[in-house]
Structure formats: C-alpha cells, structure tokens
Amino acid sequence: MQLSNLESLAGHRIVQQLDVVYGSTVRSKHVGKDLFAGLKNIVGGELTAYTELLEESRQEALNRMIEKAQALGANAVVGIRFSTSSIAAGAAELFVYGTAVIAEPL
Amino acid sequence: MELLIKLGISLLLFVVGWGFGRHNERKHWAQLTLDEAAFAHIRIDNRRFETRDTHGQLVVASVVIAQDYFKWVLASVRNFFGGRITVYETLLDRARREAVVRLKKQAAAAGAVEILGLRIETPEVGTDKGSVEVLAYGTMIFAEKLERPWPPRVD
C-alpha cells in the first residue's frame with residue numbers, strides 16, 4: 001500500500017477516488033512505565049517507553065486504515081492526517097485518516 | 001519537623017533536577033547539532049501541493065520528552081505571575097528538532113532524498129504534566145522510481 005500525506009501521489013496518476021478511510025486506537029499508559037516516568041520527571045530527558053508506546057499505537061491505527069483501504073480495493077491512500085485526542089487522564093485516542101484511491105504509475 | 005523534611009526533599013529534588021536537567025539538555029543540544037549536520041542533505045518542504053515524478057512513501061516520527069523538577073518549579077512560579085516561560089520554550093524546541101531529525105533519519109535509512117508535506121504537531125496525549133510529545137510526519141521522496149512500493153513486503 002502506498003501512503004502519502006500530500007494531495008497527490010508522487011510519480012502516479014490517480015485514476016479512481018474511492019472513499020475516506022480511517023483507523024484509530026485508544027491507548028492508556030502502563031503502570032510499570034509510569035514509575036519510570038516519575039523519575040524522569042525529576043531529572044528530565046526522553047521518556048523512551050512513551051515514545052515507543054505512541055509509535056506502536058500509531059502504527060496500529062495506520063494498519064487498521066490500510067486494512068479498510070485494501071477492502072475497498074485501493075492501492076494507495078493520499079492526504080493522510082494524524083489526529084490525537086486526550087479522552088481521559090492517561091488515555092489518548094490516536095486517529096489517522098486519508099482518502100483511498102486507485103493510482104497507476106506515470 | 002515534618003515540614004522541614006518536606007522542604008528538604010523539595011530542595012534536594014530542585015538541586016538534583018537543576019543539575020541533571022541542565023546536563024541532559026546540554027547533551028541533547030550537542031547531539032542535535034551533530035545529527036542535524038549529518039542529515040542536512042535531506043531537504044524538507046511543507047507546501048501541500050508540491051509533488052515529484054519519482055516515488056514516495058509516508059514517514060512518521062515522534063518523541064516524548066519530560067521536563068525536570070527544576071523547570072517544573074520555575075514554570076509554576078512563572079505561571080503565578082504570568083509571562084514568558086523560557087524553560088518550557090527550550091523543552092519544546094528540543095522536542096521539535098528531535099522529531100524532525102528522526103524523520104530525516106528514517107528517510108535517509110530508506111534511501112530517500114527529501115521529505116515533502118512536512119507536518120509538525122504537539123498532541124496532548126495525556127502523559128504526566130510537563131512532558132511533551134511532538135509528532136512529525138511527511139512523505140519521503142526517492143531519487144528514482146522504484147520497481148516495488150516501499151516498504152518492501154515481507155511474506
């Protein structure tokens with residue numbers, strides 16, 4: 001699946017525009033990881049566990065979006081946007097959406 | 001007595017936070033300068049309609065950075081009086097630069113030459129107060145047309 005956050009797909013011509021597809025996941029932070037974060041809040045620095053957690057979650061949301069696009073018979077998704085909302089203390093929804101299209105190489 | 005102990009702990013954390021926080025920040029800045037120089041050849045662009053004849057693929061990078069206790073105390077005081085909170089400005093600056101550098105790193109590793117449609121976000125992810133996430137994404141562009149779409153499919 002070709003993915004792009006541009007309005008068009010580089011090196012391709014969009015022949016058919018199918019539908020808007022999206023994927024999302026809601027994640028809460030882990031207790032064990034939280035303890036470590038408490039220490040990091042004193043000395044500062046990167047919270048590697050959180051970075052990984054969020055990266056995994058975004059990948060999961062992307063995968064769900066890709067599945068939907070594949071079900072429509074698309075070979076590319078363009079105009080991808082990420083959106084994140086905090087829904088409760090410590091929990092966040094990671095949301096991604098784009099337009100599923102059929103594209104052919106120029 | 002109890003009050004004194006509490007005050008003592010706070011003071012200790014303040015000093016520890018100042019020392020380690022400053023050390024970490026300087027180390028991070030030095031590393032950022034090196035990384036930025038190393039990946040300066042990857043051009044970045046954030047115009048929406050810019051495109052290329054060769055192929056591209058989405059890249060996403062993010063980073064979560066925590067403040068230290070010293071910054072927290074300073075920011076709390078500033079919050080009361082109002083005004084510029086410089087300690088947070090540097091925190092956000094570090095996070096943004098780091099996210100963009102990581103994006104460039106990924107693009108370079110995949111063999112791309114530039115990144116189009118760069119977007120930088122600072123989402124509220126419900127982490128502890130005072131830690132900040134920066135998300136950067138864009139479309140990496142390859143120098144030549146690819147035989148197969150990136151990333152290569154592993155079956």
Side-chain angles (χ1 to χ4, degrees), chain A residues 1-12 26-29 33-34 36-55 57-59 61-62 66 75-96 98 103 105-106, chain B residues 13 16-17 19-25 27-28 47-72 91 94-95 98 102 116-119 121-131 133 135 137-139 141-142 145-146 149-150 153:
Chain A
M1 182 71 60
Q2 293 221 67
L3 306 170
S4 176
N5 72 329
L6 300 172
E7 313 295 308
S8 56
L9 198 63
H12 288 72
V26 178
R27 288 296 164 101
S28 159
K29 46 185 187 176
K33 286 170 180 172
D34 243 1
F36 223 61
L39 183 73
K40 271 287 171 69
N41 270 330
I42 294 166
V43 297
E46 189 190 348
L47 301 175
T48 324
Y50 279 155
T51 308
E52 275 166 22
L53 180 76
L54 288 165
E55 254 162 30
S57 311
R58 286 218 174 80
Q59 192 56 51
L62 262 177
I66 291 169
N75 65 356
V77 181
V78 297
I80 292 173
R81 293 284 178 274
F82 284 93
S83 165
T84 311
S85 34
S86 179
I87 43 172
E93 188 203 22
L94 305 163
F95 182 62
V96 57
L106 282 174
Chain B
L13 288 180
V16 166
F20 280 90
R22 204 169 75 138
H23 174 72
N24 281 341
E25 191 158 83
K27 209 169 77 178
H28 193 195
R47 285 172 293 171
R48 278 171 74 196
F49 296 102
E50 196 69 9
T51 189
R52 298 285 181 268
D53 295 334
T54 56
H55 291 172
Q57 180 70 338
L58 184 78
V59 268
V60 187
S62 70
V63 63
V64 184
I65 297 185
Q67 61 172 353
D68 54 62
Y69 196 78
F70 173 76
K71 281 182 193 282
W72 180 76
L91 189 73
R94 275 162 61 203
E98 180 68 39
R102 284 187 187 182
L116 296 181
L118 176 73
R119 293 282 176 277
E121 276 181 36
T122 315
E124 178 60 58
V125 283
T127 51
D128 292 311
K129 54 177 169 25
S131 56
E133 193 208 5
L135 166 73
Y137 60 101
T139 303
I141 300 290
F142 299 97
K145 285 193 181 184
L146 303 173
W150 187 271
R153 228 189 141 76

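Sequence lines set the chain letters: A, B, ... in the order given, protein chains first and strands last, and positions in each chain run from 1. Not measured: the values here are computed from a predicted model.
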Drop me the distance from [X]'s [atom1] to [Y]'s [atom2], to the nearest 0.5 angstrom.
X: B/Lys71; Y: A/Ile42; atom1: NZ; atom2: CD1; result: 15.5 Å
X: A/His12; Y: B/Thr54; atom1: NE2; atom2: OG1; result: 10.5 Å
X: A/Leu3; Y: B/Tyr137; atom1: CG; atom2: OH; result: 13.0 Å

Do you know which two heavy atoms are closest between [X] and [Y], and how far apart they sit?
X: A/Leu47; Y: B/Ser131; result: CD1-CB, 3.8 Å
X: A/Thr84; Y: B/Pro123; result: CB-CB, 3.4 Å
X: B/Arg102; Y: A/Glu46; result: NH2-OE1, 2.8 Å
X: B/Thr51; Y: A/Ala10; result: OG1-CA, 3.6 Å

With a 4.5 angstrom heavy-atom cut-off, which part of [X] approaches chain A: side chain, backbone, both or neither?
X: B/Asn24; answer: side chain
X: B/Val63; answer: both
X: B/Ser62; answer: both
X: B/Leu116; answer: both

Would you find more than 12 non-hydrogen atoms of other residues, nucleotides or ligands less than 6.0 Å from A/Phe95 atom CZ? yes
Is it the case that more than 12 heavy atoms not belonging to B/Lys145 sit under 6.0 Å from its NZ atom? yes
Count the heavy-atom pairs under 4.5 Å between each of A/Glu93, A/Arg27, A/Glu55 and chain B, then report the option with the highest count. A/Glu55
Any side-chain heavy atom of B/Glu98 sitting closer than 4.5 Å to one from A/Thr51? no
Pair B/Glu121 + A/Arg58: basic N to acidic O under 4.0 Å: no
With sequence neighbours excluded, tell me which residues meet salt bridge (charged side-chain N to carboxylate O under 4.0 Å, His left out) with B/Arg48. A/Glu7
By salt bridge (charged side-chain N to carboxylate O under 4.0 Å, His left out) - contacts of B/Arg52 (at least two apart): B/Glu50, B/Glu114
Set out, in order, the CA-CA distance, both residues' side-chain angles and the distance that settles side-chain contact (heavy atoms from CB on, under 4.5 Å) for A/Leu54 and B/Leu135, then state yes or no. CA-CA 10 Å; A/Leu54 288 165; B/Leu135 166 73; over 6 Å; no
Report the option among B/Leu58, B/Ile65, B/Val59 that has the most heavy-atom pairs separated by less than 4.5 Å from atoms of chain A. B/Leu58
Part of A/Ile87 lying under 4.5 Å from any heavy atom of chain B: neither
Worked check of side-chain contact (heavy atoms from CB on, under 4.5 Å) between A/Arg81 and B/Arg119: CA-CA 9 Å; A/Arg81 293 284 178 274; B/Arg119 293 282 176 277; 3.8 Å; yes
